[in-house]
Student: 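Mind having a look at this structure? Questions to follow.
For reference, positions follow the sequence shown, starting with 1. As a basis for the values below, the full set of heavy atoms in this structure was taken, side chains included, without hydrogen atoms, waters or symmetry mates. Owing to the predicted nature of the structure, the values given are computational and were not obtained by experimental measurement.
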Amino acid sequence: FSSRRRHTRYWRDWSSDVCSSDLVHDPQVKVGRIQNYGSWSDGMVKPGTSCLGMEYFVNIGDQIWNMADDSLVEMAITELTKLGLNVKPLKSESIVLRVKKAYPVYDENYLISVENINQWLSNNHQNWFQLGRNGQHRYNNQDHSMLTAYYAVKNYQEDTDFNFWDVNTGEEYHEIKLENRESPKL
């Protein structure tokens, strides 16, 4: 597992203090990410329970996308067990959500296409701001997405000119804590 949060206990402990989201790197399963929604907020789960999200990276129309909901839930439970996440009971309620185009696709024309969209919006809609992952058509994490919105509002309210397209453009992975580096001040 790859931790996306620093304060983690034992990786098989899905109590309220484990990672909010973990990428799975195990060839025996198809799940790509597991979320523990109770780590995001206690208000997202019923008291005394856990709520796990199993994220599968698929394409519309492929085998997993087309699975019946019950079969997909059973596959997720089987994969939790294979990973050693023996949560009891494994299921009391479940829901399957299929989200089309949840992640941006990068191809050889990606930057040109985004620039064409930006140019058209700049010429025709000066007060339209493309923000976050889907608005900017790039992989921003939640913090980056919120920061783009923050700067857009700041530009509007204070007549500043911060280029929110500069958020998340560096080479480093921003969620890794580096020594001798201060956190940004908002």
Student: With heavy-atom distances below 4.5 Å as the criterion, would you say the side chains of Lys100 and Ile60 are in contact?
Tutor: yes
Student: So, using side chain to side chain contact (heavy atoms under 4.5 Å, CB included) as the criterion, who are the partners of Asn116 when residues are at least two apart?
Tutor: Ile112
Student: Taking all atoms of both residues into account, what is the closest heavy-atom pair of Ser50 and Val45, and its distance?
Tutor: C-CG1, 4.4 Å
Student: Take Arg98 and Asp69, measure what salt bridge (Lys or Arg N to Asp or Glu O under 4.0 Å) needs, and give me the verdict at the end.
Tutor: CA-CA 10 Å; Arg98 289 172 179 82; Asp69 289 359; 2.8 Å; yes
Student: Once rounded to the nearest 0.5 Å, what's the spacing between atom CD of Glu74 and atom CD1 of Ile77?
Tutor: 4.5 Å
Student: I'd like to know if the side chain of Tyr56 pairs up with that of Glu79 as donor and acceptor (distance under 3.5 Å, no hydrogens or angles considered).
Tutor: yes
Student: Roughly how far, to the nearest 0.5 Å, is OG of Ser94 from CE of Met54?
Tutor: 12.0 Å
Student: Any link between Trp120 and Trp128 through a network of hydrophobic side chains (Ile, Leu, Val, Met, Phe, Trp, Tyr) touching at under 4.5 Å?
Tutor: yes
Student: Take a 6.0 Å sphere around CG of Asp159 and say whether it holds more than 12 heavy atoms from other residues, nucleotides or ligands.
Tutor: no
Student: Decide yes or no for Ile117 and Leu121: does some side-chain heavy atom of the first lie under 4.5 Å from some side-chain heavy atom of the second?
Tutor: yes
Student: In the structure I gave you, are the side-chain heavy atoms of Val114 and Leu111 within less than 4.5 Å of one another anywhere?
Tutor: no
Student: Tell me whether Ser113 contacts the main-chain N or O of Asn109 through its side chain, where contact means a donor paired with an acceptor under 3.5 Å.
Tutor: yes
Student: Establish, yes or no, whether a centroid distance under 6.0 Å links the rings of Tyr151 and Phe164.
Tutor: no
Student: Is the number of heavy atoms from other residues, nucleotides or ligands within 6.0 Å of CD (Glu115) greater than 12?
Tutor: yes
Student: Do Lys30 and Phe57 come close enough that some side-chain heavy atom pair is under 4.5 Å?
Tutor: no
Student: Look at atom CE of Met146 and say whether more than 12 heavy atoms of other residues, nucleotides or ligands are closer to it than 6.0 Å.
Tutor: no
Student: Please report the shortest heavy-atom distance between Asn59 and Trp65, naming the atom on each side.
Tutor: O-CB, 3.4 Å
Student: Considering all heavy atoms of both residues, which atom of Asp161 and which atom of Asn155 are nearest to each other, and what is their separation?
Tutor: N-OD1, 3.5 Å
Student: Please name all residues satisfying side-chain hydrogen bond (donor to acceptor under 3.5 Å, both in side chains) with Lys46, sequence neighbours left out, ordered by chain then number.
Tutor: Glu93
Student: Membership question, hydrophobic clusters at under 4.5 Å side-chain separation (ILVMFWY): are Phe162 and Leu147 in the same one?
Tutor: yes
Student: Do you know the tightest heavy-atom contact between Leu85 and Ile34?
Tutor: CD1-CD1, 3.9 Å
Student: Minimum heavy-atom separation for Val167 to His144, with atom names?
Tutor: CG1-O, 3.8 Å
